[in-house]
Amino acid sequence: MGQRMIVKIDEEKCTGCGKCVSPCAEGAIQIINGKAKVVSEELCDGMGFCIGVCPEGAITIEKRETIPFDLRKAESQPKKTDISIHCFSCGCGEDNNYLMPVRHNMESLWVCTRCLPKLIHG
């Protein structure tokens with residue numbers, strides 16, 4: 001065990017909307033009994049892509065004592081898609097393009113890699 005950054009989900013704030021599940025490429029987050037939960041700490045890489053998409057502000061990153069991140073186990077997890085996620089600019093979904101969560105004008109949004117340069121450079 002050692003100290004590292006890991007996701008913390010506040011169950012009081014979590015509404016179980018599930019928006020955090022798909023951005024977690026490692027499969028560390030699942031909805032259990034109507035709440036988002038980190039199902040395996042060894043799957044959480046601590047990158048926090050889930051933070052920007054949580055509409056309730058229920059997710060934070062904390063540094064604490066936990067088991068090491070297991071890249072092999074994370075890569076073996078089934079990938080999840082969310083058909084409700086679309087690029088805020090062109091409207092394409094995960095089935096058409098790679099989407100990334102971004103903060104823009106104080107709002108959490110999704111943008112596809114095709115529209116990202118336009119967002120950055122105007």
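Hydrophobic cluster membership differs between Val21 and Phe49, with clusters built from Ile, Leu, Val, Met, Phe, Trp and Tyr side chains linked at under 4.5 angstrom. The cluster map of Ile, Leu, Val, Met, Phe, Trp and Tyr, joined by side-chain heavy atoms under 4.5 Å apart, puts Met100 and Leu119 in the same cluster. Residues Leu99 and Val53 share a hydrophobic cluster, clusters being chains of Ile/Leu/Val/Met/Phe/Trp/Tyr side chains in contact below 4.5 Å.
Considering CG of Asp70 and CD of Gln77, their distance stands at 9.5 Å, rounded to 0.5 Å. Between the CD1 atom of Ile9 and the CD atom of Glu56 there is a distance of 13.0 Å, given to the nearest 0.5 Å. Here the OH atom belonging to Tyr98 is positioned 11.0 Å from the CG atom belonging to Leu116, to the nearest 0.5 angstrom. Here the NZ-CG distance, from Lys73 to Leu71, works out to 13.0 Å after rounding to the nearest 0.5 Å. To the nearest 0.5 Å, the span separating CD1 on Ile85 from SG on Cys112 amounts to 13.5 Å. With rounding to the nearest 0.5 angstrom, the CD atom of Glu26 is 11.5 Å from the OG atom of Ser40.
Put simply, the side chain of Trp110 does not reach to within 4.5 Å of the side chain of Cys87, judged on heavy atoms.
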**Study point:** Check against side-chain contact (heavy atoms from CB on, under 4.5 Å), Cys90 and Arg114
**Key:** CA-CA 9 Å; Cys90 72; Arg114 192 175 52 202; 3.4 Å; yes

Check your understanding: Given the rule in the side-chain contact (heavy atoms from CB on, under 4.5 Å) test, do Cys20 and Ile59 qualify, once you have shown the distances and angles that lead to the verdict?
Key -> CA-CA 9 Å; Cys20 56; Ile59 304 173; 3.6 Å; yes

**Study point:** side-chain contact (heavy atoms from CB on, under 4.5 Å) between Lys8 and Ile61, worked out
**Key:** CA-CA 6 Å; Lys8 179 181 179 183; Ile61 300 285; over 6 Å; no

**Study point:** Residues Ser22, Glu94; criterion side-chain contact (heavy atoms from CB on, under 4.5 Å); working and verdict
**Key:** CA-CA 10 Å; Ser22 183; Glu94 281 189 306; 3.3 Å; yes

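Applying the 6.0 Å contact sphere to CD of Glu12 captures no more than 12 heavy atoms from other residues, nucleotides or ligands. Around atom CE of Met5, more than 12 heavy atoms belonging to other residues, nucleotides or ligands sit under 6.0 Å away.
Listed for the Arg4 side chain is a donor-acceptor partner under 3.5 Å among the backbone atoms of Ile67.
Considering all non-hydrogen atoms of both residues, Gly91 and His86 come closest at O-CD2, 3.2 Å. What you find for Lys118 and Ser89 is that their closest heavy atoms are NZ-OG, 3.3 Å.
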Do any side-chain atoms of residues 27-35 form donor-acceptor pairs under 3.5 angstrom with protein atoms, and if so which ones, sequence neighbours left out?
residue	atom	partner	partner atom	Å
Lys35	NZ	Glu11	O	3.0
Lys35	NZ	Cys14	O	2.6

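Glu41 and Arg64 are joined by a salt bridge, as a carboxylate oxygen and a charged side-chain nitrogen come within less than 4.0 angstrom of each other.
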